[in-house]
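Report on the following structure.
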Amino acid sequence: MKLIQVRDYEEMSKKAADIVISYVKANPNAVLGLATGSTPTGLYKNLIEDHRKNGTSYKSVRTFNLDEYIGLDGNHPQSYRYFMDEHLFNHIDILKENTSVLNGKSENPEKECERYEQMIREAGGIHIQILGIGRNGHIAFNEPGTPFTSRTHIVKLAESTRQANSRFFQSLDEVPTHSITMGIETIMESREILLLASGSSKAEPIRKLFTEPISESFPASILRKHPNVIVIADQEALKDTDPEVIKDYLMKA
Ligand code: PGA
């Protein structure tokens, strides 16, 4: 695991975008793993801006999103398909048929999990996966206790996750209780992972990411076993992590 220490959200978003843009320029057939939430929206803004200014093309890029709520279809404003269309896909030249988000309205969610795994395999696997980190250490919707061997699966959301995400809904009651998510093993098969963290609400999970024993009770800890993870974290997210610990991971920004 390597760490790029940045000042703030803007710098985190810019650094992440630089990495993705260079990769896409060098690999027009890139397979990107994408995430939703507050963390990656700045990255997506930068990708859109660069696409407009410099014409970086996504015509042959494929994408797979990490997760989706069960029960929301792609037209629901809180669905992750809708989020991705709004925050990225509608503003770049990517072909919609090359963008995959799990179907939260599938009649057979188990089958949907298998279908997704197969599509990722057929695409040759994910080259760069963008990740956020939950306050309880979850990655995608893999909550504490999820087996490290999990593949794409259905999960019951932790109450803390529903609470955290209720800010996007009218009320907590409207937040779905289940979701469908890439598994930890699926995520770990990505060739490269970019984990982004900004703000003081991420200070505890980031401290634990660097210091907790690797255990299913803190899902993100498994990332320390991945050969190619870059964490991009800002000062607030790093404020509780011992500088002595960080030293060993630092990359020049
Ligand atoms: P956030 O979510 O980007 O909205 O903070 C991250 C996560 O819970 O994985």
Side-chain angles (χ1 to χ4, degrees), residues 1-66 80 83-94 99 126-135 139-140 167-168 187 190-203 205-207 209-210 220 223 226 228-241 243 246-253:
M1 207 161 70
K2 300 219 168 64
L3 170 67
I4 300 178
Q5 206 172 359
V6 293
R7 202 171 45 251
D8 54 17
Y9 184 82
E10 271 63 47
E11 201 184 337
M12 175 196 79
S13 304
K14 178 77 174 58
K15 282 272 173 264
D18 289 348
I19 293 172
V20 173
I21 292 163
S22 319
Y23 190 83
V24 168
K25 279 187 172 154
N27 305 275
N29 298 316
V31 182
L32 303 179
L34 301 177
T36 51
S38 311
T39 306
T41 52
L43 154 64
Y44 300 150
K45 261 196 197 134
N46 277 277
L47 296 185
I48 293 166
E49 223 176 273
D50 162 78
H51 169 71
R52 287 188 180 145
K53 272 201 205 134
N54 307 316
T56 305
S57 177
Y58 296 81
K59 277 221 165 84
S60 308
V61 169
R62 283 230 54 179
T63 67
F64 289 93
N65 262 76
L66 286 169
Y80 289 166
F83 178 103
M84 289 310 303
D85 287 349
E86 286 285 298
H87 287 90
L88 181 65
F89 301 149
N90 288 347
H91 312 287
I92 56 175
D93 63 345
I94 198 159
T99 67
I126 290 167
H127 300 170
I128 300 186
Q129 175 66 58
I130 309 298
L131 275 188
I133 185 168
R135 288 146 189 80
I139 47 175
R167 67 191 193 277
F168 300 114
I187 293 170
S190 312
R191 293 184 207 164
E192 182 172 342
I193 293 175
L194 274 189
L195 183 139
L196 312 182
S198 166
S200 58
S201 68
K202 300 300 164 79
I206 287 294
R207 177 180 61 75
L209 174 66
F210 287 102
L223 297 173
H226 191 286
N228 204 1
V229 174
I230 298 177
V231 177
I232 309 180
D234 70 6
Q235 280 170 4
E236 283 287 298
L238 284 164
K239 74 183 169 64
D240 293 343
T241 312
I246 288 172
K247 239 176 38 199
D248 295 338
Y249 294 94
L250 269 184
M251 242 173 116
K252 266 185 71 191

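Because the structure is a prediction, the values reported are computed rather than measured.
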*Given the rule in the side-chain hydrogen bond (donor to acceptor under 3.5 Å, both in side chains) test, do S13 and N46 qualify, once you have shown the distances and angles that lead to the verdict?*
CA-CA 7 Å; S13 304; N46 277 277; 4.8 Å; no
*Candidate pair Y58 and H51, rule side-chain hydrogen bond (donor to acceptor under 3.5 Å, both in side chains), full reasoning*: CA-CA 9 Å; Y58 296 81; H51 169 71; over 6 Å; no
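Annotation: side-chain hydrogen bond (donor to acceptor under 3.5 Å, both in side chains) contacts of T99 (sequence neighbours excluded): R81. With sequence neighbours excluded, the residues that form a salt bridge (Lys or Arg N to Asp or Glu O under 4.0 Å) with R7 are E11. When the side-chain contact (heavy atoms from CB on, under 4.5 Å) test is applied to T41, the partners found at least two apart in sequence or on another chain are Y9, F83, H87. Partners of K14 according to the salt bridge (Lys or Arg N to Asp or Glu O under 4.0 Å) rule, which considers only residues two or more places apart in sequence or in another chain, are D18. Partners of S38 according to the side-chain contact (heavy atoms from CB on, under 4.5 Å) rule, which considers only residues two or more places apart in sequence or in another chain, are R167, F168. Considering only residues two or more places apart in sequence or on other chains, E10 meets the salt bridge (Lys or Arg N to Asp or Glu O under 4.0 Å) condition with none of them.
The shortest side-chain heavy-atom distance between V61 and N29 does not fall under the 4.5 Å cut-off. Contact of the H91 side chain with the R52 side chain is registered, since non-hydrogen atoms from C-beta on lie closer than 4.5 Å. Residues D248 and L3 form no side-chain contact, since every pair of their non-hydrogen atoms from C-beta on lies 4.5 Å or further apart. Counting heavy atoms from C-beta on, the side chains of R62 and L32 never come closer than 4.5 Å. Proximity of I187 to I126: side-chain heavy atoms (C-beta onward) are nowhere separated by under 4.5 Å. Within the 4.5 Å cutoff, side-chain heavy atoms of V6 are placed close to those of I4.
To the nearest 0.5 Å, the span separating CG on L238 from CG on D234 amounts to 7.0 Å. Summarising the geometry, atom OH belonging to Y249 is positioned 5.0 Å from atom CE belonging to M1; distances are rounded to the nearest 0.5 Å.
Contact check on K45 versus E49 returns no salt bridge, with no Lys/Arg side-chain nitrogen under 4.0 Å from an Asp/Glu carboxylate oxygen.
Judged by distance alone, the side chains of D50 and T56 do bring a donor and an acceptor atom under 3.5 Å apart.
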